[in-house]
2 protein chains.
Amino acid sequence: MDDVTGTGDSVAQAHPELVDGADAAQVEVSAAISPAKKKTAKAPSSKKRAKKDQETSPADAKTAADVIDPTAKDSTDVKDAEKPEKPDHNYPVNTAMPTSYDFLPPKAEKSVRIVSLNVAGIQAARKKGLDTYIRAESADILCLQETKLQAQDDAVFADVYPWRYWSLSKTKKGYSGTCVLSKLPPLSTRLGIPTTTTTTPAPTEDEDDEGRAVTLEFESFYLVANYVPNAGQKLERLAHKRDYAGWVREYLASLQTTKPVIWTGDLNVAHTAVDLTRPKGNTRTAGFTVEEREDFSTTLTQLDLVDLWRHLHPTEQDYTYYSYRFNCRAKHLGWRLDYFVVSRALLDKVRSCEIRNKVYGCSDHVPLALEIEV
Amino acid sequence: MDDVTGTGDSVAQAHPELVDGADAAQVEVSAAISPAKKKTAKAPSSKKRAKKDQETSPADAKTAADVIDPTAKDSTDVKDAEKPEKPDHNYPVNTAMPTSYDFLPPKAEKSVRIVSLNVAGIQAARKKGLDTYIRAESADILCLQETKLQAQDDAVFADVYPWRYWSLSKTKKGYSGTCVLSKLPPLSTRLGIPTTTTTTPAPTEDEDDEGRAVTLEFESFYLVANYVPNAGQKLERLAHKRDYAGWVREYLASLQTTKPVIWTGDLNVAHTAVDLTRPKGNTRTAGFTVEEREDFSTTLTQLDLVDLWRHLHPTEQDYTYYSYRFNCRAKHLGWRLDYFVVSRALLDKVRSCEIRNKVYGCSDHVPLALEIEV
DNA sequence: CTTGATACG
DNA sequence: CGTAGCAAG
């Protein structure tokens, strides 16, 4: 995410109507771009919905910071933003990594566990306990985004993952970066997203300048681990992001002609209003613009792909990202930006898809785990 | 200081002869540029001296890091550098600020207490306890160097210091910066050092682009608070520093035609071999080059100024700076870079000049306190 | 090692 | 708020 508060506060300040008034445009948009499978993305119960709206209403806001951007200088309300609130939910709000990982479910027989996590800088994440989690999780395949490494660190988990693939930013140092670590040998691999899959002849230029994609081919599926570009605080990269969405769509389509695909990673979009705590006021915030949501919808629809976590948890309000700013984790102000998106053909094989919502503290994201039959 | 280890280790690595062999050149230089008052800068007792040399000898070094630059990658000796050593001295080696300031002496009657401290970034220093010290010290005049502020923060200690003067770097943001806070109203003030005092007519351009000097005129003296440029890791700024030394010399001379001067601050030079723990191997290290030492000597000699702390503590081995690198504080590997240099006419009025050697932890320097009759 | 500015999120 | 790389010390 960019400078998004997770609350839409900065936007709310600029456009109070987005918070104050009935956000008609927003409502329409949500309806217009609801996911392919209506059922999987239906709005939460009216009771819950009402409660959420209440939270977002300035008049009823528990803290002034709920509607005022705390970055505004000399705001006496900034302090209030730090006040502990009694949570109105049962989701974990820890900000340090767990000390024990007993809660991790045992891996089912004959299944492959694939985990995706945006580490927001692997060096820092490791200092804050990433390794302990990784070893406890014992995933078969690990997809990490935003490693922010200049060069691949091939010693990372080499003892458990014999196959390691790093995509690094060629331009900006310490920026972006994706890696996939695997216990299983891939049939083939590729770094980056081809930008011109439609052209003939062959020489396709990969969109891998920024280290955003690693593809591993396995017997029964392609795994595309992806870190989709952020649209930018002022949406200055929205156009590029839309191009990127097109390249990814074409690429996934081409792969899918061969076998099913698993598209995972930080896809940098909250698909519908239920995928972030504060949809109101964030309609022009990177990650929740109509453009980004529509592009995502288009990919799902055209390729008949399934947003797996939402498919399995149609009405749940859980997130994979909590901004470091404004105590968003403690307030459970989150976004669901990380996905396993799979070819419908794979649905039968899926055992589970879970947000590891206790595993916060090494990054501003939490891991997402898929278990699938082999 | 620059990248100086305080040990001369990096230099030693490049020029092992400086450590291994008898450093004849070094010895000659030391003799040649001993301070004006021979007595005040004589070498320590032979016993102590021998012990120090032993420390510096690679064969007898207690830790490999004593002679090997720990920044060299994959050095297995790096860890050894962290081993706690039994100190062979009674100087404080704390790395966090004191919790109590009971040890600060009460201020004498009819005296002015002036304190100089390189804060190495006033924002960070305040977070680490600067304020508590400042209030406990209760100096009449406070001279801070390396504030690293972009703009003056006029709220800083405004409750106790009605007169506040900030010299800021005009070029590089967050670089250098000097300020003087006073309980006493100055007769006149000036920011920067004039660069062309010898020329006529008037328009002297001040050397204040980098926020390195604040002068306050009082009834009985000029106070020049100064942060002298660092010569740079590769001595790339040595030439500029020598120019600067000339400007300061001329400026102090001009002031002294009117009344005595107190020149204080981080003068960024260890004058003689007794002014740093490891003179050997540091003869081409910024802060201890023959050029910097000679320039300093010249200023003292030509203007008949006295290095007050050394004058009052002729044989003491105490320092005002301990590099953050290589655990220099814990190992008491220091440099004396901060001074009160005063016109000889003021000597009679001086009550004390003390290094606040316990006050380490908010900066890599410790404060230096002068008490003088008014 | 540590600070502060910068870019980015 | 937090990460990483930078320049500087």
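Numbered from 1 within each chain, the chains take letters A, B, ... in sequence-line order. Quick caveat: nothing in here was measured; it's all calculated off a predicted structure.
Side-chain nitrogen and oxygen atoms of B:Lys128 include at least one within less than 4.0 Å of the OP1 or OP2 phosphate oxygen of C:dT3. The phosphate of C:dT6 has OP1 or OP2 within less than 4.0 Å of a side-chain N or O from B:Lys173.
Residue A:Arg325 has its side chain nearest to D:dC1 when only C:dC1, D:dC1, C:dG4 are considered. For B:Gln123, the listed nucleotide lying nearest its side chain is C:dG4; candidates were D:dT3, D:dA8, C:dG4. When the nucleotides C:dG4, D:dT3, D:dC6 are ranked by their closest atom to the side chain of B:Ala124, C:dG4 comes out on top.
Between A:His332 and A:Tyr91, the ring planes lie parallel to each other; the angle is under 30°, not in the 30° to 60° tilted range.
One interatomic measurement links the two molecules: OH of A:Tyr321 to C1' of D:dG2, which rounds to 10 Å at whole-angstrom precision. If you measure from atom CG of B:Leu235 to atom P of D:dA8, you get 15 Å, rounded to the nearest angstrom. Counting to the nearest Å, the P atom of D:dC1 and the NE2 atom of A:His365 are 18 Å from each other. Between the P atom of D:dC1 and the NZ atom of B:Lys127 lies a distance of 9 Å, rounded to the nearest Å.
Residues A:Tyr322 and A:Cys328 approach most closely at CD2-O, 3.9 Å, considering heavy atoms. Pairing each heavy atom of B:Glu292 with each of B:Leu238, the nearest pair is CG-CD1, 3.7 Å.
Tested against A:Glu210, the residues A:Lys241, A:Arg237, A:Lys170 include a single salt bridge (Lys or Arg N to Asp or Glu O under 4.0 Å) partner, A:Arg237.
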